[in-house]
Amino acid sequence: MFTPYYRMRRLRKNPQIRNMVRETIVTPNDFIYPLFVIPGKDKINPISSMPGNAQMSIDHLVKEAKIVRDLGIQSVILFGIPEHKDACGSDATSENGIICRALVALKKAVPELYLITDACFCEYTDHGHCGPKGNEVDNDATLELLQKQVVVQAKSGADMVAPSGMMDGMVGAIREGLDNEGFENIPIMSYAKFASGFYGPFREEAAESTPQFGDRSSYQMDPANGNEAIRETALDVEEGADIIMVKPAMPYLDILQRIKNEFGLPTAAYQVSGEFAMIKAAAERGWLDHDRVMLESLTSIKRAGADLILTYFCKRSG
Ligand code: PBG
């Protein structure tokens, strides 16, 4: 009989030793919870493809924020769906826009919650693209609007801004815009974002931001490209990004690990709506053990290099 010299199973023998040698532990400190805010009063629209999540008017958003805080989650990222959409997404640059009103209300009611905003236009434009559009999304015109957007967000109480539009120069433009208005202490979390089918539930139901024509492939990255993600991130870091976010998360763990290793910056990963929906749907059918798979997915994202995880599982509802 062959007797192995090395026995890895010694440290797997029982829960005590497994607990002692565990390398990766997910805690509420890692989480950022995405929330969707809509105009009006006393409105909750459940998002059917993202069980447990809903679009909420500001009054309910505030209640939700308190629940989230009481669960030990420190931070939320806000997405706004405006009353009126137009060609250049003007609600997003208005101090009376949906996000600014939400920020003011949240800062007042739950001051200890760290507020992150999405700096992008796809929820606000009537064509659903991430900036004003002629034949293509106009990159440099979008930068000017982004500068306005982040300044009104900062004035309304945003603690951090997260540009997700994948425009060239967006981090530099936003840094300049914030600094010029005295917001040099607001960090920027920039995206390494892929043109992914996993955003389906978010676009269709949560943010109502599906492009009315074409797709986002002329600004979001090709899922096939890893080196491009490194180059994109290098530019963001040079322009002043404080945190890099990889999105989606699970199908891009290789990218996450490369970015973490290459730059050593605090790195976030967004477990997006489609990743969440897949697990929920399979668990609903009894095909997967919900809590087990949830925790395994979050642990693998952290193990691959994420310091922060944006996830719809924060409350473990549904
Ligand atoms: C765009 C944005 C998207 C998501 C977050 N910000 C969608 C897109 O690029 O179409 C998707 C997040 C998710 O799927 O959970 N501002």
Side-chain angles (χ1 to χ4, degrees), residues 31-37 47-55 76-82 85 88-89 91-93 97-99 116-133 137 142 145-146 149-150 153 160-167 170-171 174 188-223 232 244-252 268-281 297-298 301 306 308-315:
F31 292 153
I32 299 170
Y33 192 32
L35 291 172
F36 301 93
V37 54
I47 303 166
S48 63
S49 54
M50 296 161 63
N53 292 266
Q55 299 175 323
V76 298
I77 183 165
L78 299 172
F79 296 95
I81 298 95
K85 303 193 182 213
C88 57
D91 192 270
T93 49
I98 182 72
I99 278 295
I116 306 175
T117 52
D118 182 46
C120 190
F121 296 97
C122 58
E123 297 110 66
Y124 305 92
T125 52
D126 49 16
H127 44 71
H129 279 283
C130 298
K133 195 167 173 359
V137 174
T142 306
L145 291 176
L146 274 171
Q149 182 183 34
V150 292
Q153 290 176 345
M160 182 192 288
V161 297
S164 65
M166 296 302 284
M167 297 297 130
M170 68 180 184
V171 174
I174 286 174
I188 300 172
M189 176 160 67
S190 184
Y191 286 58
K193 180 171 177 179
F194 289 87
S196 171
F198 287 99
Y199 307 145
F202 176 100
R203 285 187 188 169
E204 290 296 324
E205 269 199 277
E208 302 170 20
S209 64
T210 303
Q212 296 306 300
F213 44 87
D215 59 26
R216 301 208 207 292
S217 306
S218 75
Y219 42 102
Q220 298 179 349
M221 287 188 286
D222 185 333
E232 174 77 42
I244 297 296
M245 182 210 295
V246 176
K247 178 177 174 182
M250 271 229 293
Y252 297 85
Y270 198 144
Q271 184 180 47
V272 300
S273 56
E275 297 177 70
F276 176 78
M278 284 196 303
I279 293 174
K280 284 284 176 191
S297 68
L298 295 168
I301 292 167
L308 305 158
I309 305 173
L310 294 87
T311 175
Y312 301 102
F313 281 120
C314 283
K315 279 174 66 191

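First listed ligand is number 1; within each ligand, the first listed atom is number 1. Heads up: numbering here begins at 1 and tracks the sequence.
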Would you please name every residue forming a side-chain contact (heavy atoms from CB on, under 4.5 Å) with S217, sequence neighbours left out? A195, D215
Does any part of the side chain of M166, heavy atoms only, come nearer than 4.5 Å to the side chain of Y191, both counted from C-beta? yes
M167 vs V137, test: side chain to side chain contact (heavy atoms under 4.5 Å, CB included). Steps then yes/no. CA-CA 9 Å; M167 297 297 130; V137 174; 3.6 Å; yes
What residues form a side-chain contact (heavy atoms from CB on, under 4.5 Å) with D91, not counting sequence neighbours? P82, I98, Y124
Quick one: do the S297 and Q271 side chains pair a donor with an acceptor below 3.5 Å? yes
Residues in side-chain contact (heavy atoms from CB on, under 4.5 Å) with T125, at least two apart? F121, H127
Protein residues that have a heavy atom under 4.0 Å from any atom of ligand 1, sorted by chain and number: F79, D118, C120, C122, E123, S164, K193, F198, Y199, F202, R203, R216, Q220, K247, Y270, V272, S273, Y312
